[in-house]
Participant: 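The structure is given below, and queries will be raised subsequently.
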Amino acid sequence: MADWSPQSWRDFPAAQQPDWPDAGALDRVLDELRALPPLVFAGEARSLTDSLADATEGRAFVLQAGDCAESFDRFSANSIRDKLKVILQMAVVLTYSSGVPTVKIGRIAGQFAKPRSAPIEAREGVELPSFRGDMVNDFVFDADARRPDPTRLLRAYNQSASTLNLLRAFAKGGFADLSRVHAWNLEFLDTSVEGRRYHALAAEIDRALRFMAACGIDLDSEHELHQVDFYTSHEALILGYEEALTRVDTLTDQWYDCSAHLVWIGERTHQLDGAHVEFHSGIENPLGVKVGPSATPDELLALCERLNPERRPGRITFVSRMGADRVVDALPPLLRAVRESDHPVLWICDPMHGNTFQHESGYKTRDFADVMREVHGYFAACDDAGVWPGGIHVELTGEDVTECLGGSTVIAGDDLEHRYESECDPRLNARQSLDLAFQTAELLRR
Ligand code: PEP
Ligand code: CO
């Protein structure tokens with residue numbers, strides 16, 4: 001640790017970094033970013049760590065959700081609002097059923113970079129750099145579009161800033177007031193099974209609020225009822241960008257990556273001797289690490305030692321993404337090894353990334369039934385190992401897209417083409433998201 005600095009990752013092998021064609025241009029952009037204001041504040045990251053510590057100890061449940069990749073082209077106030085609505089709905093469903101607070105974290109305001117399984121994409125004999133997210137290059141398959149362009153880092157920063165600005169207004173400015181619980185339902189949900197179920201639950205909440213008011217409780221003065229804490233997160237993949245936004249907190253003299261409240265290390269970049277682990281080891285933000293089926297107990301314990309030697313609760317969240325077929329076998333030994341080491345770790349379940357497959361139509365998709373099967377397997381594994389099932393991590397959108405198969409209003413293979421908008425992984429639509437929240441709430445209640 002003595003040798004750590006925001007740039008010390010540069011002495012380690014860094015996986016999944018773009019081949020920037022012009023090093024001078026990249027450096028100029030990074031200098032510009034270093035001079036820009038932080039996007040989040042250290043004190044907010046510390047509050048999130050406290051909430052995650054509660055979740056680690058079984059006193060809260062985490063809902064981390066948003067796009068696989070945010071997009072420059074599909075950026076709009078409405079899409080941010082609708083995503084927030086679905087997340088608030090899911091959170092209310094989870095809290096109401098489980099009786100514990102839901103910690104709300106978006107995959108938003110910075111989720112612009114993607115790890116890829118291959119650096120090159122070939123189509124009909126043409127080979128071009130793979131799409132690495134809007135922060136790096138463009139999705140369109142042509143040579144100019146696919147060339148990594150560092151000015152995109154600035155655009156990602158700016159879009160993150162305006163997204164955060166709107167999220168802060170929604171979270172604190174009345175939109176998230178519990179008395180508006182009915183208004184979070186999206187119009188197209190109103191006639192669906194999930195939408196009706198949601199309205200019934202919202203009506204119960206209304207009744208409870210009226211009851212409290214009738215008992216003489218001054219609801220206006222209870223600020224918890226009128227606003228929410230909403231945190232941001234993304235995979236901290238492009239290390240130059242993260243380094244440029246890493247600042248010393250004047251209150252504590254410690255380093256924080258001020259690009260988001262929580263940052264995570266992906267499944268492809270958590271090598272112990274790699275640059276990503278080095279970078280994350282020195283920042284004080286709460287950290288996520290994706291954990292796939294190839295992880296071993298030794299590897300996870302070494303990550304705990306490296307990233308959280310002081311064993312602070314809330315510091316580390318392991319995001320299990322095993323796949324529906326593997327979770328029941330692969331997860332319990334890992335849960336047990338970490339528990340027995342006495343490292344305080346919050347385990348949450350990403351039921352998306354182990355369940356992606358290519359449909360015969362050519363679309364990358366996931367089956368809602370597999371997603372739910374993994375959630376069930378995760379709850380069973382946690383139960384088995386005596387570990388609190390601390391949360392879920394999902395890719396979703398507030399829009400009525402047709403990217404994942406199944407759900408109560410079934411999306412079939414033929415439907416995928418109707419509204420497939422993701423440039424990366426397939427997301428749950430609002431209906432499927434709400435369905436997942438209701439089913440997860442039932443598991444939690446048990
Ligand atoms: C992701 O969360 O979009 C992702 C790429 O996940 P993983 O690192 O688990 O594959
Ligand atoms: Co994804």
Side-chain angles (χ1 to χ4, degrees), residues 14-18 62-71 74 83 105-119 130-136 139 156 232-239 242 259-260 262-271 274-277 279-280 287-295 299-300 303 316-324 326-327 330-331 334 347-358 363-368 370-371 374-375 378 391-397 401 403-404 420-429 432-433 436:
Q16 297 283 344
Q17 302 304 290
V62 171
L63 172 60
Q64 187 175 16
D67 282 312
C68 180
E70 288 172 272
S71 143
R74 295 191 192 281
K83 212 166 294 153
I105 310 174
R107 285 176 64 114
I108 200 167
Q111 176 56 19
F112 290 100
K114 299 311 300 175
R116 303 316 303 239
S117 45
S130 295
F131 172 59
R132 288 186 179 276
D134 276 357
M135 170 186 255
V136 175
F139 184 62
T232 62
S233 70
H234 62 261
E235 177 174 353
L237 185 71
I238 308 298
L239 291 171
E242 304 299 333
S259 70
L262 177 146
V263 282
W264 80 81
I265 311 178
E267 165 69 353
R268 292 164 192 78
T269 48
H270 57 56
Q271 302 80 10
H276 290 84
V277 168
F279 174 75
H280 287 78
L287 305 178
V289 184
K290 292 289 200 95
V291 176
S294 63
E299 195 187 338
L300 295 192
L303 279 168
I316 297 190
T317 299
F318 280 154
V319 185
S320 159
R321 33 90 81 219
M322 299 291 166
R326 316 214 26 200
V327 61
L331 187 54
L334 302 174
W347 284 91
I348 69 175
C349 169
D350 166 359
M352 314 296 291
H353 286 90
N355 296 310
T356 318
F357 65 96
Q358 185 107 13
Y363 287 102
K364 207 166 41 144
T365 189
R366 292 160 175 155
D367 193 325
F368 185 71
D370 292 335
V371 170
E374 179 151 359
V375 173
Y378 158 78
I392 46 173
H393 175 125
V394 287
E395 290 181 344
L396 57 71
T397 165
V401 298
E403 298 174 4
C404 291
Y420 195 105
E421 294 177 359
S422 175
E423 289 175 350
C424 202
D425 292 337
R427 302 160 296 176
L428 301 176
N429 63 29
Q432 293 165 328
S433 302
L436 176 134

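First listed ligand is number 1; within each ligand, the first listed atom is number 1. All of these numbers come straight from a predicted model, not from anything done at the bench.
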Participant: Between K83 and D67, is the closest basic N to carboxylate O distance under 4.0 Å?
Facilitator: yes
Participant: Distance-only, no hydrogens or angles: does the E267 side chain make a donor-acceptor pair with backbone N or O of G292 under 3.5 Å?
Facilitator: yes
Participant: Donor-acceptor pair, distance only, cut-off 3.5 Å: does the side chain of Y420 make one with the backbone of K364?
Facilitator: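 Between the backbone of K364 and the side chain of Y420 there is a qualifying donor-acceptor contact (under 3.5 Å).
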Participant: Measure A69 to ligand 1 on non-hydrogen atoms and call it side chain, backbone, both or neither using the 4.0 Å cut-off.
Facilitator: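 Neither; no heavy atom under 4.0 Å.
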Participant: Counting distance only, does the side-chain N/O of Q17 pair as donor-acceptor with the main-chain N or O of L237 below 3.5 Å?
Facilitator: yes
Participant: Counting only N and O atoms by type, is there a donor-acceptor contact under 3.5 Å from the side chain of E403 to the main-chain atoms of N429?
Facilitator: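 Side chain of E403 to backbone of N429, a donor-acceptor pair under 3.5 Å: no, none is there.
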Participant: With distance as the sole test, does E374 use its side chain to make a donor-acceptor pair with the main-chain N or O of V327 at under 3.5 Å?
Facilitator: no
Participant: Please examine the side chains of H276 and R268, heavy atoms only from C-beta on, and report whether any two atoms are closer than 4.5 Å.
Facilitator: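 Result no, sub-4.5 Å side-chain heavy-atom pair not found.
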Participant: Only heavy atoms of P115, strictly under 4.0 Å: list the atoms of ligand 1 that pass.
Facilitator: 5 (C)
Participant: Which atoms of ligand 1 have any heavy atom of C68 under 4.0 Å away?
Facilitator: 3 (O)
Participant: Identify which protein N/O/S atoms are less than 2.8 Å from the Co ion (ligand 2).
Facilitator: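 Checking every protein N, O and S atom gives C68 SG, H353 NE2, E395 OE2, D425 OD2.
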Participant: What atoms of ligand 1 come within less than 4.0 Å of a heavy atom belonging to G266?
Facilitator: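 Result: 8 (O).
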Participant: Kindly indicate whether the side chain of E423, heavy atoms from C-beta on, has any atom under 4.5 Å from the side chain of K114.
Facilitator: no
Participant: Nearest to atom 6 (O) of ligand 1, what protein heavy atom do you find, and at what distance?
Facilitator: K290 NZ, 2.9 Å
Participant: Do any nitrogen or oxygen atoms of R321 lie less than 3.5 angstrom from nitrogen or oxygen atoms of ligand 1?
Facilitator: yes
Participant: Taking A15's backbone N and O only, do any of them form a donor-acceptor pair with T269's side chain (distance below 3.5 Å, no angle check)?
Facilitator: no
Participant: Applying the side-chain hydrogen bond (donor to acceptor under 3.5 Å, both in side chains) test to R107, which of Q64, H393, E70, H234 qualifies?
Facilitator: H393
Participant: Who's closest to atom 1 (C) of ligand 1 heavy-atom-wise, of H353, M352, H393, E235?
Facilitator: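 Looking at heavy atoms only, H353 sits closest to atom 1 (C) of ligand 1.
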Participant: Between E267, R268, K114, R116, flag the one that comes closest to atom 3 (O) of ligand 1 by a heavy atom.
Facilitator: K114
Participant: With a cut-off of 4.0 Å, which atoms of ligand 1 are near a heavy atom of R107?
Facilitator: 1 (C), 2 (O), 3 (O)
